[in-house]
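For reference, the structure is listed below as structure tokens.
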Amino acid sequence: MLTTRPRGTNDVIPGEVEKWRWVENQFFKICAHYGYNEIRTPVFEHTELFQRGVGDTTDIVEKEMYTFTDRGGRSITLRPENTAPVVRAYLENKLYAGPQPVKLFYSGPMFRYDRPQAGRFRQFHQVGAEVFGTSDPAVDSEVIAMIMDFYGRLGLKNLELHINSVGCPVCRPVQRRELKKYFQPNLGDLCKNCRERFEKNPLRILDCKERRCAEAGVNAPSTLDCLCPDCADHFAQVKRHLDLLNIAYVIDRRLVRGLDYYTHTAFEIVARDIGAQSSIGGGGRYNGLIETCGGPPTPGVGYALGMERIILTMERQGIAIDTSAKSDVFVVTAGTEAADMAYKLLFDLRSAGISADKDYLGRSLKAQMKYAGKSGAHFVVIIGAEELARGTALVRDMSTGEQEEISTDSIAAYFERIKNTCSP
RNA sequence: GUGGGUGUAGCUCAGGAGGCUAGAGCACCAGAUUGUGGCUCUGGGGGUCGUGGGUUCAAGUCCCAUCAUCCACCCCA
């Protein structure tokens with residue numbers, strides 16, 4: 001073989017791709033149902049969009065971006081996430097001038113230079129949605145409800161919804177001060193990483209998975225303890241709306257998302273069945289992002305879901321999708337005399353809207369039947385010298401084995417009638 | 001970026017501590033008296049043993065490197 005696929009990328013081959021199509025279609029249906037419109041943005045953007053939007057000090061920007069200089073000397077980055085690009089498109093196309101809020105959804109590949117492992121790839125796919133122009137907490141919960149509705153339709157089980165509030169520019173300094181006050185005396189107990197975080201972003205210490213940091217942080221003041229009255233009220237309203245919809249959640253005061261733009265609500269959906277990379281979706285509110293990107297002060301909420309992880313979870317939970325692309329009819333020839341007639345018949349069926357196929361390997365009648373059986377075709381049309389002479393063909397129902405002789409002129413109409421009477 | 005496990009036909013795996021043409025099941029293809037599938041039987045094709053070095057008279061089996069993959073860290077979808 002000349003070469004293999006680049007590390008951390010995947011081919012989605014027949015048998016797999018049907019699952020993708022099905023999951024995507026379920027998502028598109030949900031989006032239409034909830035009043036969201038699709039938006040498509042480029043897979044690459046100017047690097048500064050992510051530096052400023054996602055945040056210069058985040059891991060994503062610091063060490064995971066596919067960045068290169070194009071032939072015109074511009075710094076270009078393959079998108080590592082799609083919220084910043086959608087915000088950019090919202091501003092560039094002046095969608096803020098239309099009726100608000102603007103509700104958008106997307107689907108597509110994202111790129112992060114991570115070390116691959118189960119559920120983590122360098123090119124991975126997200127579906128997601130964003131709502132711009134309203135700070136109503138009922139939208140935070142609408143967006144969460146939409147995700148849970150989607151997962152429900154896929155048949156996913158044993159999911160945990162984690163929610164938290166990370167505050168706003170008013171309460172952030174308070175959190176910072178309180179956290180530093182808490183960790184200061186025990187700074188030596190923290191891991192090396194967290195000692196740096198202590199200075200740069202003490203909030204992140206709460207997110208550390210090291211046992212000693214987790215232990216040191218058990219009684220740490222959480223973001224929830226430091227919320228300003230507005231944020232506290234917002235979070236209460238989000239919870240109230242979730243309760244109204246009977247959506248179960250756990251308050252995860254350690255949930256701190258790794259993108260700088262989040263304010264107020266942050267959430268994540270965890271599937272325990274797929275290993276360490278267990279987050280199958282996450283998002284939150286980002287009321288400052290649009291302004292950061294040079295737009296008018298505009299609130300926003302959104303989320304992204306990982307397609308690979310969703311499909312992995314479905315597989316682990318034994319959720320099967322019908323993956324076969326079956327033809328209605330398989331045309332079989334007996335002997336060589338009827339070959340031309342069979343070929344014409346094949347295309348007549350197709351133009352009548354009947355999906356049809358035939359053998360192209362010169363197989364024997366028996367082998368053609370075998371192949372037809374494996375292809376899953378519901379009917380086989382057999383035509384040989386005798387039928388040719390009589391202007392007919394044999395129609396065999398593969399599930400019952402019953403055969404009928406039909407004139408070739410009326411065969412397309414015959415199948416159309418069957419389709420109309422017993423199609424789902 | 002760090003640590004550990006794995007790498008033999010399309011798939012799942014055998015190949016005790018190096019030695020004769022590398023095996024099985026499934027899958028694929030073809031036959032089982034001349035025009036018919038799903039069961040059964042028979043036969044066949046297919047592997048430079050991830051790749052590149054090294055040790056040895058001799059390596060799939062030992063050593064090194066590299067790539068890929070998996071697990072954990074990290075990060076997140």
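In what follows, chains are A, B, ... by sequence order, proteins preceding strands, each numbered from 1.
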> Do A:R120 and B:C70 share a donor-acceptor pair, side chain to base, under 3.5 Å?
Replying inline: no
>> Taking donor-acceptor contacts at under 3.5 Å, does the side chain of A:R363 reach the base of B:C29?
In response: no
Sticking with atom [atom1], work out how far [N] lies from [M], rounded to a whole angstrom.
N	M	atom1	answer
B:U40	B:G35	C1'	22 Å
B:G38	B:C20	C1'	44 Å
B:A59	B:G54	C1'	12 Å
B:U33	B:U61	P	47 Å
B:U6	B:G60	C1'	15 Å
B:U51	B:A68	P	15 Å
B:G50	B:A14	P	14 Å
B:G10	B:C29	P	16 Å

Check salt bridge (Lys or Arg N to Asp or Glu O under 4.0 Å) between [X] and all other residues, then give those that pass, not counting sequence neighbours.
X	answer
A:K366	none
A:D225	A:R253
A:E308	none
A:E386	A:R390

What is the separation between atom [atom1] on [X] and atom [atom2] on [N], rounded to the nearest whole Å?
X	N	atom1	atom2	answer
A:D252	B:C76	CG	P	14 Å
A:F121	B:A68	CZ	C1'	14 Å
A:H162	B:A77	NE2	P	14 Å
A:I310	B:C76	CD1	P	19 Å
A:R122	B:U69	CZ	C1'	13 Å
A:F27	B:A77	CZ	P	14 Å
A:E62	B:C76	CD	P	11 Å
A:M65	B:G1	CE	P	17 Å

>> Ring of A:F347, cation from A:R350 - is the NZ or CZ under 6.0 Å from the centre and inside 45° of the axis?
In response: yes
Salt bridge flag under 4.0 Å for residues [X] and [Y]:
X	Y	result
A:E178	A:R176	no
A:E24	A:K19	no
A:E48	A:R52	no

>> Under 4.0 Å, heavy atom to any atom of RNA chain B: which of residues 264-281 of chain A qualify?
In response: A:A276, A:Q277, A:S279, A:I280, A:G281
> In the 5'-to-3' direction, what one-character label does each nucleotide of nucleotides 31-38 of chain B receive under the scheme B = base within less than 4.0 Å of a protein heavy atom, S = sugar-phosphate only, - = no such atom?
Replying inline: ----BBBB
>> Strictly by salt bridge (Lys or Arg N to Asp or Glu O under 4.0 Å), give each pair with a member in residues 108-128 of chain A just once, sequence neighbours left out.
In response: A:D114-A:R120
Mind listing the N/O atom pairs, protein and nucleotides 3-5 of chain B, below 3.5 Å?
from, atom 1, to, atom 2, distance (Å)
B:G3, O6, A:R115, NH2, 3.3

> Hey, does A:K239 have a side-chain heavy atom less than 4.5 Å from the side chain of A:I251?
Replying inline: yes
> Which one, B:A77, B:A68, B:C74, comes nearest to the side chain of A:R7?
Replying inline: B:A68
> Between B:A77, B:C75, B:U69, which nucleotide gets closest to the side-chain atoms of A:R309?
Replying inline: B:A77
> Stem ranges for RNA chain B, with three or more consecutive Watson-Crick or G-U pairs under 3.5 Å?
Replying inline: B:1-7 with B:67-73, B:10-13 with B:23-26, B:28-32 with B:40-44, B:50-54 with B:62-66
Assign [X] to base, sugar-phosphate, or nothing according to its heavy-atom contacts below 4.0 angstrom with the strands shown.
X	answer
A:Y303	nothing
A:G335	nothing
A:G376	nothing

>> Suppose the criterion is ring pair (Phe, Tyr, Trp, His ring centres under 6.0 Å): which pairs have a residue in residues 353-394 of chain A, not counting sequence neighbours?
In response: A:F330-A:Y371, A:F379-A:F415
> Which pairs pass ring pair (Phe, Tyr, Trp, His ring centres under 6.0 Å) with one or both residues in residues 248-283 of chain A, sequence neighbours excluded?
Replying inline: A:H234-A:H264, A:Y261-A:Y286
> Mind checking what makes side chain to side chain donor-acceptor pair (under 3.5 Å) contact with A:T292, not counting sequence neighbours?
Replying inline: none
>> Please check: side-chain N/O of A:D397 versus main-chain N/O of A:G401, any donor-acceptor pairing under 3.5 Å?
In response: no
> Quick check: does any side chain N or O of A:T47 sit under 3.5 Å from a backbone N or O of A:S75, one acting as donor and the other as acceptor?
Replying inline: yes
>> Using salt bridge (Lys or Arg N to Asp or Glu O under 4.0 Å), reason through A:R272 and A:E160 one step at a time and then give a plain yes or no.
In response: CA-CA 8 Å; A:R272 291 281 167 217; A:E160 287 172 22; 3.3 Å; yes
> RNA chain B: A:D114 or A:Q117, which has the more 5' nearest nucleotide?
Replying inline: A:Q117
